[in-house]
Amino acid sequence: MKTTLETTMMLSSIDGATVPFQNGIPVPTFEPQDRPVIPLNGKWLKKRFHADHDLTMSPRNQAWLLELNAREKDFLTEREFCDWEPHEVPLPENRLSGLEAANAAETYEDGVWYCRTFHVDLKEPGQIYTLKALAMSYVADIWINGEWAGYHEGGFTPFALDVTSLLRDGENEIRIRIDNPPWGSRIDTIPAVAGTDFFNYTGIIQDLYIELTDAVHIVRADIVPLSTSGELKITVVLENRGDVERTVRLTGALYETDPEREDFLDSPLASSIIDGPAEVNKELIRSVVIAAGETRAVLFHATILSPRLWSIWQPNLYVAQFSLSENGKCIDRLCTQFGVRVVRTNRTHILLNDAPVFLAGIARHEEWPEFGRTAAWERIRDDLRQIRQLHANMVRTGHYPNHVYTYLLLDRLGLLAMSEIPLWQLETAHFKVQEERKLPEQMWREMVFSQYNRPSVILWSTQNESRDVWHRLAYNRRLVRELRKCYDDGRLITQSAAADQPGAHDPSMEPLDVAGWTMYFGIFHGGTYYNGTRNFLEESHRAYPDKPILNTEFGHWTGERDQEEDKQLDTYADTLRALMEKAVLRPDGTVNPAGYVAGIDFWIMYNWYVNHNQWVNTFGIYHMDRQKAKSVAWLIKNDYGKITGPNRGIALSGEGRAGRVKESRGGDA
């Protein structure tokens with residue numbers, strides 16, 4: 001059986017807009033809504049098995065289903081479950097001890113079947129059911145009541161399936177087959193490299209639920225701020241998953257929020273932070289005729305009058321609420337939080353709301369010693385608050401899209417973000433196979449459309465430290481061209497290239513808005529912390545004199561029992577000195593005319609597990625318990641405080657012309 005598993009996402013032009021489709025339906029919002037749901041978190045049964053990875057990576061067709069049934073029939077039909085084990089969902093399959101030590105997280109890269117039952121009340125005519133999964137790793141196939149519902153490849157992004165026709169009144173059963181091929185065993189998965197420097201968790205990683213809506217419903221509302229004057233482009237996607245034509249009325253309303261409210265960080269629901277109505281220049285109302293099985297896109301151009309701009313540590317958010325009504329009765333409602341902010345470049349500067357900005361960043365792997373990558377609102381909130389206490393104004397969210405809550409909370413804390421897909425150190429062979437498979441393009445689209453309305457995300461990153469520069473150049477060009485042509489959200493595009501592969505002249509930077517490199521001089525790249533970094537920066541500026549330069553990583557491990565903590569301190573101090581000499585802003589917040597480094601990103605906030613399991617990676621500012629800080633924490637807090645203190649890292653000649661401003665309560669704790 002040929003190993004050519006097909007990607008599941010496509011783009012369609014509808015009513016003048018580009019709409020993403022996956023698994024036969026338009027890609028919905030994964031921002032939580034005030035809609036009825038059937039929760040699927042909780043107690044499941046599970047059983048491990050040795051998966052045939054070639055079978056897993058084969059096309060999904062009738063021959064595949066017959067082959068799977070012949071090989072794994074018992075997993076699909078078993079009713080006694082005598083040798084199945086209980087398992088809490090969401091949670092990785094990997095056993096976790098909660099310790100910061102080698103082998104504290106079990107390396108399990110193979111197959112597992114999951115099963116549980118759930119109850120569906122009497123289905124109402126015209127109601128549809130959408131299964132939403134926020135992350136499963138790595139290939140997930142789903143059966144409802146013995147019928148195959150669909151599949152998804154990729155362990156970091158959400159997906160959805162229409163399961164309406166598969167459900168029945170009363171008790172229902174769901175079974176999920178997950179196969180996670182070992183990293184390094186194949187060249188067609190992402191990540192693919194055996195030495196990938198984070199952990200390969202297996203299983204149902206994040207939340208899973210079934211959402212109930214009317215057959216005619218609001219799929220998503222994508223909002224692009226066009227200027228600091230409050231101009232917005234809004235695309236509302238509607239779907240009729242029923243079998244008759246309907247005429248509906250779409251009505252929108254925009255609301256302000258109050259970041260000082262005590263409950264501003266309490267719930268992921270956008271509806272929970274609505275304050276008073278925003279003043280808008282026009283009504284958002286449209287009558288829509290939508291045929292059976294049809295998807296429509298409704299475009300609005302509107303302006304918020306006297307807008308309160310979203311900015312660093314000033315999370316002035318708005319909420320857009322769209323309602324569908326039929327014959328005077330509301331049949332669906334969708335809410336999404338967004339911010340009025342614009343980002344662009346001007347030669348060596350990144351401009352936030354038309355003012356030069358310096359990104360004082362800290363990276364973070366989304367992982368906890370007791371839960372692995374399984375996230376929760378409170379855990380994410382505590383992490384980001386701790387990063388904010390170090391005076392950072394930007395977070396690089398690891399090497400992969402984080403939980404949808406992470407970006408909602410970054411919005412509400414006023415922290416900028418750089419989001420990346422998990423292309424980690426791809427070689428020529430990997431690029432060649434993906435030029436056919438197009439899985440990076442799918443992961444890119446899933447990242448963009450799941451974070452579309454997040455004002456915190458100002459940078460998309462195409463990859464991390466991949467080696468083949470010419471394939472990487474072609475790949476970068478493809479992603480930039482698609483985003484700008486099909487679904488331009490106004491954000492900047494960068495990458496995280498290794499400074500020594502091939503060097504400062506790296507041709508793959510050409511199509512990108514911001515030239516980004518990991519910089520480990522004196523560690524991995526040769527030279528010294530200070531001179532190596534300084535010389536590289538000067539060379540990169542000569543190669544790209546009209547691009548902002550972004551340092552996407554610098555740092556050093558502290559080793560077992562922090563025996564090399566002094567090296568972390570020396571690396572930090574000397575590298576930071578070289579970086580700040582070329583910074584676009586001076587410590588007093590004024591523009592440095594000779595500067596071209598627009599941001600830095602210390603690697604990393606917390607120690608984390610690595611897949612070989614021989615040790616815990618100790619680059620962290622903090623240990624995995626979030627309690628024990630290393631000495632570098634106090635240096636970062638002091639130095640970043642000097643960088644962001646004058647005006648949050650924004651040039652005083654721009655947003656800061658009125659002087660220092662009051663920060664939101666998000667950064668106080």
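These values consider heavy atoms only, across backbone and side chains, with no hydrogens, waters or symmetry-generated copies.
- In this model, a donor atom of one side chain and an acceptor atom of the other lie less than 3.5 Å apart for T462 and N476.
- Under the side-chain contact (heavy atoms from CB on, under 4.5 Å) criterion, D382 pairs with no residue at all, not counting sequence neighbours.
- The side chain to side chain contact (heavy atoms under 4.5 Å, CB included) test with D52 is passed by exactly one of R71, M57, E67: R71.
- With no hydrogens or angles considered, no side-chain donor-acceptor pair links T117 and E173 at under 3.5 Å.
- With sequence neighbours excluded, the residues satisfying side-chain contact (heavy atoms from CB on, under 4.5 Å) with E435 are H471, R478.
- Taking the ring-ring contact (aromatic ring centres under 6.0 Å, His included) definition, one finds that Y151 meets it with nothing, sequence neighbours left out.
- Counted by atom type alone, S466 and Y475 present zero donor-acceptor pairs between their side chains at under 3.5 Å.
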D468 and K432: salt bridge (Lys or Arg N to Asp or Glu O under 4.0 Å), yes or no, with the steps? CA-CA 10 Å; D468 186 314; K432 284 184 176 179; over 6 Å; no
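- By the 30° and 60° cut-offs, the orientation of the rings of W143 relative to W113 is tilted.
- Applying the salt bridge (charged side-chain N to carboxylate O under 4.0 Å, His left out) rule to R95 yields the partners E106; only residues at least two apart in sequence or on another chain are considered.
- Checking T7 against K438 by side-chain atom types alone, no donor-acceptor pair falls below 3.5 Å.
- Ring geometry, Y452 versus F449: the interplanar angle falls under 30°, so the pair is classed parallel (tilted spans 30 to 60°).
- In this structure, a donor-acceptor pair under 3.5 Å is absent between the side chains of W424 and D197.
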Just do the salt bridge (Lys or Arg N to Asp or Glu O under 4.0 Å) check on E367 and R373 with the steps written out, would you? CA-CA 4 Å; E367 178 188 76; R373 241 186 342 103; over 6 Å; no
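- Taking the centre of each ring, W603 and H365 come in below the 6.0 Å mark.
- Under the 6.0 Å distance and 45° angle rule, R379 counts as a cation-pi partner of W368.
- For S97, there are no side-chain hydrogen bond (donor to acceptor under 3.5 Å, both in side chains) partners, not counting sequence neighbours.
- For the salt bridge (charged side-chain N to carboxylate O under 4.0 Å, His left out) condition, no pair includes a residue of residues 608-625, sequence neighbours left out.
- Residues S419 and Q451 have side chains that bring a donor and an acceptor to within less than 3.5 angstrom of each other.
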Verdict with supporting geometry, R454 and E31, salt bridge (Lys or Arg N to Asp or Glu O under 4.0 Å): CA-CA 10 Å; R454 304 288 74 83; E31 190 173 352; 3.5 Å; yes
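- Under the 3.5 Å distance criterion, with hydrogens and angles disregarded, no donor-acceptor pair is assigned to the side chains of H556 and Y520.
- Listed by chain and number, the residues in a salt bridge (charged side-chain N to carboxylate O under 4.0 Å, His left out) with R364 are E366, D383 (sequence neighbours excluded).
- Looking at residues two or more places apart in sequence or on another chain, you find no ring-ring contact (aromatic ring centres under 6.0 Å, His included) involving Y138.
- Within the model, atoms CD1 of I204 and CD1 of I178 stand 5.0 Å from one another, a figure rounded to the nearest 0.5 Å.
- Between the side chains of H119 and E171, no donor-acceptor pair of N or O atoms lies under 3.5 Å.
- Using cut-offs of 30° and 60° on the angle between ring planes, the pair Y400 and F156 is parallel.
- Atoms CG and CD, from L569 and E564 in turn, are 12.0 Å apart once rounded to the nearest 0.5 Å.
- In terms of the ring-ring contact (aromatic ring centres under 6.0 Å, His included) criterion, W44 has no residue partners (sequence neighbours excluded).
- Taking the six-membered ring for Trp and thresholds of 30 and 60 degrees, Y114 and H87 have ring planes inclined between 30 and 60 degrees apart.
- For K132, the salt bridge (charged side-chain N to carboxylate O under 4.0 Å, His left out) partners at least two apart in sequence or on another chain are E211.
- A cation-pi geometry, defined here as NZ or CZ lying under 6.0 Å from the six-membered ring centre and within 45° of its normal, holds between R48 and Y108.
- With sequence neighbours excluded, the residues forming a side-chain contact (heavy atoms from CB on, under 4.5 Å) with A497 are Q463, R472, Q495, D506, M509, W517, listed by chain and number.
- With sequence neighbours excluded, the residues forming a side-chain contact (heavy atoms from CB on, under 4.5 Å) with I187 are A429, H430, V433, listed by chain and number.
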Stepwise side chain to side chain contact (heavy atoms under 4.5 Å, CB included) check, R177 with F49: CA-CA 10 Å; R177 178 191 190 267; F49 71 104; 3.7 Å; yes
